[in-house]
There are 2 protein chains.
Amino acid sequence: MKRTIKIRKPSATQDDVATAAGVSQAVVSAVLGGRTGKIGASEKLQKKILAAAAKLGYRTDSSARAMRMRRFYNLGYFTANVSQAVEQDRPEFRAGVYDTAAAQGYQVTMVRLPSRPTADTNPIPQVFRESHLDGLIINHVSLLTPELERVVTASGLPVVYLNEKRKSNAVYVDDFAGARIMTEHLLEQGYRRIAFSSTESGEHYSHADRIAGYSKVMAEHKLPTRLLPADTRRCGVDILDCLKTSKRPDAIFCSSDFHALYFQRFIHQLGLHFPDDLGLAGYNDDGYDLFLESPLTTMSIPRYDMGKAAVEMVLKLITAPEQPKVPSVCFQPGLVTGLSTQRGGSHQQRPPRPDRWPGSIM
Amino acid sequence: MKRTIKIRKPSATQDDVATAAGVSQAVVSAVLGGRTGKIGASEKLQKKILAAAAKLGYRTDSSARAMRMRRFYNLGYFTANVSQAVEQDRPEFRAGVYDTAAAQGYQVTMVRLPSRPTADTNPIPQVFRESHLDGLIINHVSLLTPELERVVTASGLPVVYLNEKRKSNAVYVDDFAGARIMTEHLLEQGYRRIAFSSTESGEHYSHADRIAGYSKVMAEHKLPTRLLPADTRRCGVDILDCLKTSKRPDAIFCSSDFHALYFQRFIHQLGLHFPDDLGLAGYNDDGYDLFLESPLTTMSIPRYDMGKAAVEMVLKLITAPEQPKVPSVCFQPGLVTGLSTQRGGSHQQRPPRPDRWPGSIM
DNA sequence: TTGTAAGCGTTATCAT
DNA sequence: ATGATAACGCTTACAA
């Protein structure tokens, strides 16, 4: 006996298409699925079926396909919430993840923790309480509770970490090398009293690595390292004190463009300018040039390609589950030479970068 | 005849749970679905079933549920790509959308256009070529091609526009009122030669509305309006020329905090300061205070609540498809008083905002 | 070359 | 209160 379940107006099914085209539903499935070789449907028949499908507005029901195929064609993209996420979940990551997933026929599902938890909010995202994903990309979510980690593990989902330094199943940046390159660049420019400054507290691996790379190069050149942490709650007094001294640094290596922009405020507050009075370097290539006195020398992070690599990695894990571990992929950042570290740079023509728009604004 | 289809290791099914608990699968479905009232399963039995489910790590197969329920429990969140999206897809929107969707048991699927289209990339996102969503939220995607619009319409999906001014099915901000409030605030502070400046070209409705609100109030006070568009490709010459004149504005109403930050650069370049030499106001409350000489007077946008409202609206459309149009929801922005528009403000104590972190950084 | 039918995991109905 | 069973739309093995 047939019972009718009609909650929403259903879109056309393959059965409807088959009826319209006067063929069996199995042929429709084969043709629409591009498996014509297997059955050898005539050109004409294919056209007829495609026409009927287009006319009826047929669209594959992803749930039915998922059930049958035992694959959801869904990847989760887990990102931190606003307050935790400083400079981690950038639009370029999302773009790389999305484009690559889409190219392989996968959807991307947003995974987050509730930003405003309420009493009746389950702290475990629903997506882990049901079967909905084939794989998961975690973009540096620092506050993963042990409970949450357990749930993720229990789900048996292939997981790839983006922006986290792990031996396997991760995609990250070689910030040690990046900091080396930047420090060497500053030395080549003739700077000697180079200080490293950051706003961050250093939870993320990259912070320690940047300091290490900087320190290493300075040591190799027998130059003293000088770390200048700048707690934003102190309103820049650390920075001001440092800049006021007679032996102030001749260049500041900022841990991020973000921090360089912050630093600029205090440089200007003292009536100083860069690169005339001191060199200023950033990191991350966040595109803040519009707000800066001089285009910033910085390190660019191939975020799009990293997102892409993360998806490729997780797809590999999905399709070859017998290999649950794959070696991590480490990307090299690239030096972007601005005028902010060029002695006498302010007297040169400012190079226009008209088409760049701050990526971080999005 | 039974054939075996095993691509991935399946997680436990209700059948497995039923076997483990020694009951029928239908009871398991009822108990796990919270429909115990209908069947009257004993407390004890429920406990047994829940225990078995937990032990086996049972998770509902969302595709099977979707197929049976004829609902995917998936919402699409359509956002523009990096280059197009200036200040539109903010993390707070995502947070509001995600939290609200999650609270109602819905997942959020990322919908974008390919950022780096290739020859073999279909410009129509896959999600529109299959049945996968119950509804769609479009956060100001300016470059919707006619073809894409057709596809969205053809999909029959309930659509809600976020950040777009439409008569129905939209959630947006009353920027006319916001600009009025800001202009009146500036007048109250004693400013008279108030200019409105923007970097934007004005594609978005909010740009025109802000100018209109500003102009209206100025006209009401019989003061001349002064528009100062600043093409970033011109490297600030418009701004510099304006600020150099003897009758320069005594306050600048910037179309965004973003623009205010840009403006600061040229203020400092001329050796001027705010609020001493002129007042500076922003819009959007993007949290750039760390980078600014003075905390900025700005308008805050209730983005989280707007995301929430958009989800509530689209859920209404989903559950009551006989009502395909609902009135739009218009949010009022709120004035945030900083010191940047306070005459003599720089001599006051800078109010600490230690816990705020620029939301736009994410 | 085309048709037939099994079965994916769930929900919900119906008969016991 | 419980168990048996249909149905959702799709893919695919196999029969014709």
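Each chain gets a letter, A, B and so on, in the order its sequence line appears, and its residues count up from 1.
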Q) A:Leu136 and side chain to side chain contact (heavy atoms under 4.5 Å, CB included): which partner among A:Val127, A:Val111, A:Val314? A) A:Val111
Q: For B:Ala64 and for B:Val23, find the nucleotide of DNA chain D with the closest heavy atom, then tell me which residue's nucleotide is more 5'.
A: B:Val23
Q: Please state whether the phosphate of C:dT11, meaning OP1 or OP2, lies under 4.0 angstrom from any side-chain nitrogen or oxygen of B:Gln14.
A: yes
Q) A:Thr13 side chain: which of D:dC10, C:dC8, C:dA12 is closest? A) D:dC10
(Q) Can you tell me if B:Arg70 touches the phosphate of D:dG9, counting only side-chain N or O atoms and a distance under 4.0 Å to OP1 or OP2? (A) yes
(Q) From CD of A:Gln25 over to C1' of C:dT1, roughly how many Å is that when rounded to an integer? (A) 17 Å
(Q) I need the NZ-C1' distance between B:Lys48 and D:dT2, as an integer number of Å. (A) 13 Å
Q: Measure distances between side-chain N and O atoms of B:Arg68 and base N and O atoms of C:dT11, and say whether any donor-acceptor pair falls under 3.5 Å.
A: yes
**Q.** Whole angstrom value for the distance that separates P of D:dG9 from CZ of B:Arg65
**A.** 17 Å
**Q.** Distance in angstrom units between B:Tyr73 OH and C:dT10 P, rounded
**A.** 15 Å
Q. What distance do B:Arg94 atom CZ and B:Thr79 atom OG1 have between them, rounded to the nearest 0.5 Å?
A. 7.5 Å
Q. D:dG9 P sits how many Å from A:Leu56 CG, rounded?
A. 14 Å
Q) Between D:dT11 atom P and A:Asp15 atom CG, what is the distance in whole Å? A) 12 Å
(Q) I need the full list of side chain to side chain donor-acceptor pair (under 3.5 Å) pairs touching residues 19-29 of chain B, with sequence neighbours left out, sorted by first then second residue. (A) B:Gln14-B:Gln25, B:Ser29-B:Arg35
Q | Nearest-nucleotide pick for B:Met67, side chain only, options being C:dT10, D:dC8, C:dA12 | A | D:dC8
Q: Quickly work out the B:Gln46 CD to D:dA1 P distance and round it to whole Å.
A: 12 Å
Q: Among D:dG9, D:dC10, C:dA12, find the nucleotide with the atom closest to the side chain of B:Ala26.
A: C:dA12
Q | OP1 or OP2 of C:dT11 under 4.0 Å from side-chain N/O of B:Ser29 | A | yes
Q: Specify the separation, in whole Å, of atom CG of A:Asp16 and atom P of D:dC8.
A: 11 Å
**Q.** Of the listed nucleotides C:dT11, D:dG3, C:dT4, the one nearest the side chain of A:Ser24
**A.** C:dT4
**Q.** Donor-acceptor contact present, side-chain B:Ser328 to main-chain B:Ala170, <3.5 Å
**A.** yes
Q. Who are the ring-ring contact (aromatic ring centres under 6.0 Å, His included) partners of A:Tyr73, not counting sequence neighbours?
A. A:Tyr106
Q. Taking OP1 and OP2 of C:dT10, is either one under 4.0 Å from a side-chain nitrogen or oxygen of B:Tyr58?
A. yes
